[in-house]
Amino acid sequence: MLNSIKIILVGTSHPGNIGGAARAMKNMGLSELCLVAPRAQFPHPEATFRSSGATDLLDRITIYSTLEEAISDCTLIAGTSARSRHIPWPLIDPRGLAEQAAQELHLPEHKLGLVFGREDRGLSNEELHLCHLHVHIPCNPDFSSLNLAAAVQVLSYELRQAALAQQKTATAAPQQTEAPAFGTEWDAPFASGEDLERFFAHLETTLIDIDFHDPNHPRQLMSRLRRLYLRARPDTHEINMLRGILSLTQKAAQNRTEKP
């Protein structure tokens, strides 16, 4: 389970926080750290110092230009957020996220991307709209400012506890594994972040083609459709079917326009 989790830091401004995040991750058995458009210089001696020996994680860091690239291989994407949003989004606490991850990360095709925002202003609304879930750490409301590395530590701890509990249950009573909720093993992995972004781009283009969506007056249409489909958690077969429907819709709209 822990090998299927990617920690993603967006726009990090202090190299020490990169090292602190690596230390927190290694404490809890997580190993994949990546950066999106870091504002901090990296590599940097302060990152190495703050990692307290977790330099192997720093050596393997992948740097991406955009969050879309970083989450392209993730099937469950959770963004940390301390602020309420104009459009309500599925919200979960760290323990709830860990429990859901334990349920989903049993297939090698599944991967959790856990996204942390900038130290000064967190994740943007556009970045949060790329996520299936928002994770809120229930801090003291009178003093809710949490250091980036400390936030990574809290989430990493809960994920490790869920993994240990899963391991303990499997070792103690392997014959008592609970039946899947749908009566059989699911027949396809969840769609990846890359699959979803291609679908959303295709969906928007189609809605424009049929005059349902005006990008100059969006009315939060695409944000609400994102929320709908991300909440539904489509798998790879379902995404392919939806895109097939969109392609035929575009073809029908084009034929209707071309008719005399």
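What you see is a predicted model, and the numbers here were worked out from it, not measured in a lab. Hydrogens, waters and symmetry mates play no part in the numbers below; they use all other heavy atoms, side chains included.
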Under the salt bridge (Lys or Arg N to Asp or Glu O under 4.0 Å) test, which residues partner [X], sequence neighbours left out?
X    : answer
D142 : none
E68  : none
E194 : R198

Please check this pair: side chain of [X] against backbone of [Y], looking for a donor-acceptor N/O pair closer than 3.5 Å.
X    : Y    : result
H44  : G16  : no
R227 : P88  : yes
E104 : L76  : no
T80  : V135 : no
Q166 : A102 : yes
E238 : D235 : yes
S144 : P141 : no

Nearest-0.5 Å distance that lies between atom [atom1] in [X] and atom [atom2] in [Y]:
X    : Y    : atom1 : atom2 : answer
R226 : H132 : CZ    : NE2   : 10.0 Å
S4   : L159 : OG    : CG    : 11.5 Å
L33  : I5   : CG    : CD1   : 13.0 Å
Q153 : R23  : CD    : CZ    : 8.5 Å
E99  : I92  : CD    : CD1   : 8.0 Å
L230 : I77  : CG    : CD1   : 7.5 Å

Minimum heavy-atom separation for [X] to [Y], with atom names?
X    : Y    : value
G53  : D56  : O-OD1, 4.2 Å
P189 : H110 : CA-NE2, 3.4 Å
P94  : V154 : CG-CG1, 4.3 Å
C34  : I8   : SG-CG1, 3.4 Å
A149 : G20  : CB-C, 3.6 Å
R121 : R39  : NH1-NH1, 3.6 Å

Decide whether [X] and [Y] are clustered together by the hydrophobic rule: side chain heavy atoms of Ile, Leu, Val, Met, Phe, Trp, Tyr closer than 4.5 Å, transitively.
X    : Y   : value
I7   : V36 : no
L155 : I61 : yes
I63  : L9  : yes
L114 : L35 : yes
V115 : L30 : no

Taking side chain as C-beta onward, heavy atoms only, is [X] less than 4.5 Å from [Y]?
X    : Y    : value
L246 : L242 : no
R95  : Q161 : no
V152 : N17  : no
Q100 : L133 : yes
P38  : P15  : no
E126 : L67  : no
L225 : L207 : yes
P43  : L58  : no

Does a sphere of radius 6.0 Å around CZ in F42 hold more than 12 heavy atoms from other residues, nucleotides or ligands, not counting ones at 6.0 Å or beyond?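 More than 12 within 6.0 Å, yes.
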So for atom CZ, which belongs to R118, do other residues, nucleotides or ligands contribute more than 12 heavy atoms lying within a distance under 6.0 Å?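 Count over threshold, so yes.
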Could you tell me whether the side chains of S223 and Q220 share a donor-acceptor contact shorter than 3.5 Å?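 No.
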With no hydrogens and no angle check, just 3.5 Å: does a side-chain donor-acceptor pair link D209 and T206?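 No - no donor-acceptor pair under 3.5 Å links their side chains.
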With sequence neighbours excluded, what pairs up with D73 under the side-chain contact (heavy atoms from CB on, under 4.5 Å) test?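 Counting only residues at least two positions away or on another chain, D73 forms a side-chain contact (heavy atoms from CB on, under 4.5 Å) with K6, K111.
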Set of side-chain contact (heavy atoms from CB on, under 4.5 Å) partners for A150, sequence neighbours left out: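 Listed in chain order: L146, N147.
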Run the numbers on I87 and R224 for side-chain contact (heavy atoms from CB on, under 4.5 Å), then give the verdict. CA-CA 8 Å; I87 298 179; R224 293 185 180 278; 4.3 Å; yes
Which residue, L164, L105, L112, forms the side chain to side chain contact (heavy atoms under 4.5 Å, CB included) with M1?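 Per the side chain to side chain contact (heavy atoms under 4.5 Å, CB included) rule, the option paired with M1 is L105, out of L164, L105, L112.
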Could you walk me through whether T75 and L107 pass the side-chain contact (heavy atoms from CB on, under 4.5 Å) check? CA-CA 11 Å; T75 55; L107 292 177; over 6 Å; no
side-chain contact (heavy atoms from CB on, under 4.5 Å) between H134 and L128, worked out: CA-CA 7 Å; H134 296 168; L128 283 166; 3.4 Å; yes
What residue pairs, at least two apart or across chains, pass ring-ring contact (aromatic ring centres under 6.0 Å, His included) with a residue in residues 194-246?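 Residue pairs with at least one partner in residues 194-246: F199-Y229.
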